[in-house]
Structure formats: structure tokens, C-alpha cells
Amino acid sequence: MDFTYSIWILLLPLISFLVIGLPEFVNKKYSWSHKTAGLIGTCSLGLVTVLSYYTAFQYFTADRLADGTFATFVPYNFTWLPLGHLHFDLGVLLDPISVMMLIVISTVSLMVHIYSFGYMHGEKGFQRYYAFLSLFTMSMLGLVLATNIFQMYMFWELVGVSSYLLIGFYYTLHAAVHASKKAFIVTRFADMFFLIGILIFGYYTGSYNFSFAGHVEYLNGAAAFTTADSARALAAGGMILPTALVLMFIGGAGKSAMFPLHIWLPDAMEGPTPVSALIHAATMVVAGVFQIARLFPVWIEYAPQALEVVVIVGAFTAFYAAAVACAQSDIKRVLAFSTISQIAFMMVALGVCLPGHHGAALDNHAQLGYMASMFHLFTHAMFKACLFLGAGCIIHAVHSNEMSAMGGLRKYMPITHITFLISCLAIAGIPFFSGFSSKDEIITACFEYSPLCGWWMTGVAAMTAFYMFRLYYGIFWGTENKELHAHHTPHEAPVTMTFPLVFLSIVTVGVGVVTTLGGFCDWSWASFGSIVSAAGTAYTVHFDPQVAATSTVIAILSIALATYIYKGEKQPIADKLYATFPRLHRWAYKRFYMDEVYQFVTHKILFRYVSRPVQWIDEKIINGLIDFTAWGANEAGETIRPWQSGDVRQYAVWFITGTVALTLLLLCL
């Protein structure tokens, strides 16, 4: 099977970045026009999307191997940096999760490129924006196609750089600059642990390659992987490899905004709204989930109990973010905390994949959690991109992020209203919408792991339905801000902005209908597990009727509660709750003061009691020692300087004196 063309999936966005960006950065006189720059970036991503879909079709329709798994293809792999018995490779790897991620990234990125034509029209720096979009997309594609952990880390850092550039796109605004620096610093801090984990992993296994359960087929003369030293790995597995994997998880937790490293993501909303859609739906924040999924065979084999760390962090983060989302008034920040909570769902699903109860490495329990996590990653990307792009249309219409400037917009923006409602139903977990199938399987896997975990995540799912419909009613129903709307009548967005909404909502409904019917009717072809599973073999999803019924009823009750409180033009119940629990509301609105905690720890403790003493040691001792050495050398030079006076008579005196002294010394001996 020929996949040699797959290298163009990486090269096209890189070429697009260079073609659009170089004239802009070298000499603005030669910059492309807005329309041309946008067309170059969009057409490039269109080709990437076509290649990605063709790759997925060719890959998933191919015959499976004898053991029932899909083959792993490596069209390109070459040694980039030899280092003793280790070497760093670069290449392209195609397996079920990387091919699935190609679909997710290319689809959402293409929709963002098309949407940005309308949203960013007339913005200063339009060419720079499209150049950075191409760089961002290329970075994430390189991350998911990586053939080894070190290549993943390289593109992981490129994703961080790209997000820094896009979040700080409005660099004349202090808030945007602050947000971009905050995102960069927090994620770099987490990435330090990721790097340490990679180095430990490489040292003890003798390889930076992933552990593959299936057959690897090398194409186009690609170099074979250096296999890990399984004996050394097994010997180190008691403590070293679990430590390395947990350290790498910290890096993933930073990128995916898990508590307490979540503080950068809400502020990242200062960037353009299409960038928020790209970061939250298909690229940056799912990188941590993908990292654990990619290394899942190593987790299961060497550190299954360490997955409990993933469960605890994910479960707490899901609840925390949902609680904060219930009190936010900025619609983009509601969606931001919603993303944190939903990414935590994916983390928990991976974490509950402990080895089988009968000694099997991957029984149906482990299969279910892994599959559900990847499936929710796919479905969440589509409806969350639709929600963010819908929020962009709303902000474009009312020129504000606050719900107080909205209300009653359903009659002004019918397309945005319907597509936003579809996405809200999907994330709430209503049957026949894509979020139902994926979230229901996560909750089922959680109940298999622990009843406490199952009910905890069910409660978080109920909170999700509540705050999303609080958001929906606050925007499209509720009290209309007639004074503001009289000065600027809201209007539907242009077709370049509404087309992506319609497309993504169709995907959300289509996937939801097929997978819901497939889960109840046992259609193996309609199961996401038929293409992505932990063991690589086909895994047919069977809904647990009790869990499905319970989660559906709870979601409907949560929506009904939000409808009762927030649908009307006045919200007396909400006002009464606020008056009764003002402190609780304030704490949730202020994100439980986590930013203030970080501010106190960094400025009052680290800067005062660590940084300042280190600075004093650096200035007074280290610099002082160096300055003393320089002063001593200078003084010694000044002392012996008269010896080199240039007076021959003085030299003769010193020569005779020295000769006499040496003669006397020798006679005495």
C-alpha cells in the first residue's frame, strides 16, 4: 500500500506558512493582499484535508492483519541526530489514532480558515494571522504523525510557540500580551517535566520509540526503529518507567489545562475567536490526551497502577471546571472551562483502563475506556468548534463577550441559533447527538472502574448540561438588551462564517444518529471501536441500558432546570440564589481564586524567598568572584608592569642579579 504522498500533509502547511509569512516578515512592501493570503492558506489546508480523508479511506478500508489489527505504516523515517546507541529520528507514522487525528485536525482547521475570511476581514495583520494558522496546523499534524517520543516533543514545543503567537495576535493590547506570556510560561513549566520523563524513558529503554502492538511496515526505504531493550525496561519497570510516564503526564496535563496547570486556558480567550476554536477543538488542548493514548501500551505494561493519578487529576478537574463554568458571564470563558472539563472526561476514560480482572492485559473494560476517550476527542472537536465559531458570530453581531449584552438573539441569528442549540444538545449528552454516544461510554467505563467514579462523572455530566443551557438561554432567550440593540441591530453572520457552523452541526447530528442507533442495534460497522481500540482489534460498542437511561434522564432534568431558571425575560430564581449564596457565586466567578493563589506563591514566596536570594548570590558571590579575579589579574599586571620598561640597562641589572642569585643557590646546595 502506497502512503508516500502522506509527507505532503506536513509539507503543505509549512510551505503555506513560508509563502504567506516571509514577505510579511521580511518586507511588508511585498506582502500579499488580504484575499490572496487567505486563499493561499485556505487552499493549502483544503489540499491537506483531501489528502487526510484519502489517507483515512485508504487506511481503514485496507485488509486487517491475521491477528485482526490494522498495520502500522511508516512511509518516512530517517535518522536526524545520531547519539551513541540512541538516535533521534524524524518521520511519518500512520496507525488508527494518528489517521483519526488527521481527520479531526484537518477538518476543524479548514473550517477555521474559511470562517476567518469573514471574522478577520479588515483586521490589521491579516497575512500574519493566516501564516500563524498554517504554522499551528503543521505543528499539530507533526505531533500526531511523529514516529517517536522525541519528534513528538519537538512538534509539541512548536505547538506552544504557535499558540503564543496566535493568542498574542492583538499585541497592542496588554491583556492579549499577558495571556500569551501566561500560556507560554505555564506550558513550558509543564514541558520541563515532559522532557525529564523522555530522558529517563530513553536512558532505561535504549529507545525513544513508541511501543506498538501491531505490525510495522516500512515504506519508501524508511529506516527501521531501534527496538527498546525490553529486559532493561522490565527491570526498571518497578519504579523508573512509572516515574517517567507520570512526569510525561505532567507535561500533558499542562498542555491540556488540567488542574492546577489550567490557569492559562481561560486567559487564552484574548486571542481571536477562530483561534480559540482551533486551540480548544482540534489542536493544543487535546495533545495531552493524545500523548497518553500514544503511550498507552507502555502504561498498561509497565505502569498500570500509575493510571490512578490520571483518574484522580481528571475527575477533580472535570468537577472544578464545571463548577466555575456555572458562574461565568463571558461566553468564551464558559466555553473555555467547558473544554477543560471535557478534556478531563477524556483523561479519566484513559485512566480507568486498568488491566483486566482475569489477568488479561486488555479486556473489554480497558478497550471501552480507551475507545470512549478517543471517540469523545473526535465528537468534542466537532461540536466544540461549532460552539466557539458560533460564539464568534454572536460577538461579531453584538460587539461584546458578556451575556448581559445579549438575550433574544434567536430572532436575529436563526442559523447561529440552530447550530448552537445542536452543539449544546450534543455536549449535554442527548441521544442521537454525537456527544451522547461518546460520553455515555466514558461513564460506563467509569462505573466499571468504580461506582464512586461513575456517579462522580455522571454528576459532572449533569452540571455540563446545566451550564451549557444556562449559556444558551442567556444568549438566545432571556432578557434582550434593547438599548444596545437599538444602537446596533444584531444580524446573521456572512456565509463564510455560517457555512462552517452548518457543516460541523451536520457532522455532529450525523455521527450522533449513526452511533446511537449502532449502539442500541449492535451495528459493528457503526461502532467507533471498529477502527480505534486499545488492542487494535475491532471492538463493537454495546450500550449499557441502565447507564444510558440514567445519564439521559439526568441530562434532561438538568436542561429542564436550566430552562426553568433562565429561559424567561426575568430570572427571579437565579437572582434569589445569588442573593442567598453570594460568597459561593463570587468564589466560582473568580475561579476559586486560583490566579490569586499563583500570584501569591510566585510573587510573595518564590520571588521573595527564592529568586531574590539566588539573585543576591549571583550578583554578590558569583559576579563578585569573577570581578575579584579580574581585579587581581589587573593588579598583578600593574605590579609587574615596570619590569617591562624597555630600558636595556635595567634588564642587564636584573639579568646579572638573577644569575648571581642562581649561582649562589647552586653553590649552597
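- Looking at Phe194 and Trp156, their side chains come closer than 4.5 Å, going by heavy atoms from C-beta outward.
- Side-chain contact between Trp477 and His417 is present, with at least one heavy-atom pair separated by less than 4.5 Å.
- In this structure, Phe319 places its CZ atom where only 12 or fewer heavy-atom neighbours from other residues, nucleotides or ligands lie under 6.0 Å away.
- No side-chain heavy atom of Tyr115 sits under 4.5 Å from any side-chain heavy atom of Met120.
- Under 3.5 Å, the side chains of Tyr119 and Thr273 contain a donor-acceptor pair of N or O atoms.
- Ring orientation note: the planes of Tyr5 and Tyr54 are tilted relative to one another, at an angle of 30° to 60°.
- To the nearest 0.5 angstrom, Met403 atom CE is 10.5 Å from Ile394 atom CD1.
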Derivation and outcome, ring-ring contact (aromatic ring centres under 6.0 Å, His included), residues Phe388 and His280: CA-CA 9 Å; Phe388 264 107; His280 286 252; 4.5 Å; yes
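- The OG atom of Ser162 sits 9.5 Å away from the CD1 atom of Ile279 when rounded to the nearest 0.5 Å.
- A donor-acceptor pair is defined here as one N or O able to donate and one able to accept, closer than 3.5 Å; such a pair exists between the side chain of Glu492 and the backbone of Ile415.
- No side-chain heavy atom of His380 sits under 4.5 Å from any side-chain heavy atom of Phe375.
- By the 4.5 Å heavy-atom criterion applied to side chains, Val289 and Met374 are counted as neighbours.
- Surrounding CZ of Phe57 are at most 12 heavy atoms belonging to other residues, nucleotides or ligands under 6.0 Å away.
- Taking the six-membered ring where the residue is Trp, Phe259 and Phe316 present perpendicular rings, their angle passing 60° and hence far from 30°.
- Atom NE2 of His34 has more than 12 heavy atoms from other residues, nucleotides or ligands within 6.0 Å.
- With hydrogens and angles disregarded, a donor-acceptor distance shorter than 3.5 Å links the side chain of Ser423 to the backbone of Thr419.
- Between the side chains of Glu123 and Tyr170, at least one donor-acceptor pair of N or O atoms lies under 3.5 Å.
- With rounding to the nearest 0.5 Å, the separation of CD1 in Ile559 from SG in Cys424 is 9.0 Å.
- Figure legend: Arg410 and Phe476 shown without cation-pi pairing, the cationic atom not lying both under 6.0 angstrom from the six-membered ring centre and within 45 degrees of its axis.
- Although no hydrogens or angles enter the test, the distance criterion places no donor-acceptor pair under 3.5 Å between the side chain of Trp32 and the main chain of Gly21.
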Check against side chain to side chain donor-acceptor pair (under 3.5 Å), Thr55 and Ser6: CA-CA 8 Å; Thr55 301; Ser6 59; over 6 Å; no
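- Side-chain contact, Thr172 with Lys124: no donor N or O sits under 3.5 Å from an acceptor N or O.
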Working for side-chain contact (heavy atoms from CB on, under 4.5 Å), residues Leu145 and Leu102: CA-CA 8 Å; Leu145 293 175; Leu102 287 182; 3.9 Å; yes
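- Cys386 places none of its side-chain heavy atoms less than 4.5 Å from the side chain of Phe503.
- Looking at Ser256, its side chain never comes within 3.5 Å of a backbone N or O of Ala253 through a donor-acceptor pair.
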Test side-chain contact (heavy atoms from CB on, under 4.5 Å) applied to Leu425 and Thr508, step by step: CA-CA 10 Å; Leu425 291 169; Thr508 298; over 6 Å; no
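- In this structure, the side chains of Tyr171 and Arg128 come closer than 4.5 Å at one or more pairs of heavy atoms.
- The two atoms that bring Phe469 and Ala428 nearest to each other are CE1-CB, 4.2 Å, heavy atoms only.
- Note: Phe150 CZ to Met154 CE = 6.5 Å, rounded to the nearest 0.5 Å.
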Side chain to side chain donor-acceptor pair (under 3.5 Å) between Thr515 and Ser437, intermediate numbers included: CA-CA 6 Å; Thr515 55; Ser437 303; 2.8 Å; yes
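- Salt bridge status for Asp191 with Lys255: present, with a side-chain N to carboxylate O gap under 4.0 Å.
- Taking 4.5 Å as the limit, some side-chain heavy atom of Thr317 sits within range of a side-chain heavy atom of Val313.
- Below 30°, between 30° and 60°, or above 60°: for His178 and His174 the angle between ring planes is below 30°, a parallel geometry.
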Val108 vs Lys384, side-chain contact (heavy atoms from CB on, under 4.5 Å): CA-CA, chis, key distance, verdict: CA-CA 10 Å; Val108 175; Lys384 183 53 66 70; over 6 Å; no
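- His603 places a side-chain N or O within donor-acceptor distance of the main-chain N or O of Gln599, the cut-off being under 3.5 Å.
- Relative orientation of the Tyr593 and Trp587 rings is perpendicular, given thresholds of 30° and 60° on the angle between their planes.
- Screening Lys182, Lys332, Lys181, Arg333 against Glu270 for a salt bridge (charged side-chain N to carboxylate O under 4.0 Å, His left out) leaves a single residue, Arg333.
- Using a 30° and 60° split on the angle between ring planes, His262 and Tyr320 fall in the perpendicular class, above 60°.
- The two atoms that bring Val511 and Phe378 nearest to each other are CG2-CE2, 4.1 Å, heavy atoms only.
- Of the inter-residue distances, the one linking Leu14 atom CG with Ile9 atom CD1 reads 14.0 Å to the nearest 0.5 angstrom.
- At a cut-off of 3.5 Å, with distance as the only test, no side-chain donor of Thr42 or His113 sits close to an acceptor on the other residue.
- Considering every non-hydrogen atom in both Ala322 and Val460, the closest pair reads CB-CG1, 4.3 Å.
- When atom types are taken as modelled, the side chain of Ser341 and the backbone of Ala318 share a donor-acceptor pair closer than 3.5 angstrom.
- Using a 4.0 Å cut-off between charged nitrogen and carboxylate oxygen, Asp267 and Arg591 count as a salt-bridge pair.
- Phe296 and Tyr370 have tilted rings, their planes meeting at an angle from 30° to 60° on a 0 to 90° scale.
- Across all their heavy atoms, Ile442 and Ala349 have their closest contact at CG1-CB, 3.9 Å.
- Across all their heavy atoms, Thr147 and Gly91 have their closest contact at CG2-C, 3.5 Å.
- A distance-only check finds a donor-acceptor pair linking the side chain of Ser505 to the backbone of Leu501 [under 3.5 Å].
- Atom CG of Leu12 is separated from atom CG of Leu51 by 6.5 Å, given to the nearest 0.5 angstrom.
- Across Ser109, Ser16, Ser106, Ser44, a single residue satisfies side-chain hydrogen bond (donor to acceptor under 3.5 Å, both in side chains) together with Thr137, and that is Ser109.
- In this pair, His376 and Phe345 present their aromatic rings tilted. The plane angle is within the 30 to 60° band.
- A donor and an acceptor atom, one from each side chain of Thr49 and Ser52, are nowhere located under 3.5 Å apart.
- Across every non-hydrogen atom of Tyr130 and Ser116, the tightest pair is OH-CB, 3.4 Å.
- Proximity of a side-chain donor or acceptor of Ser98 to a complementary backbone N or O of Leu93 within less than 3.5 Å is detected.
- With Phe184 as the fixed residue, the ring-ring contact (aromatic ring centres under 6.0 Å, His included) test singles out one of Trp264, Phe189, Tyr164: Tyr164.
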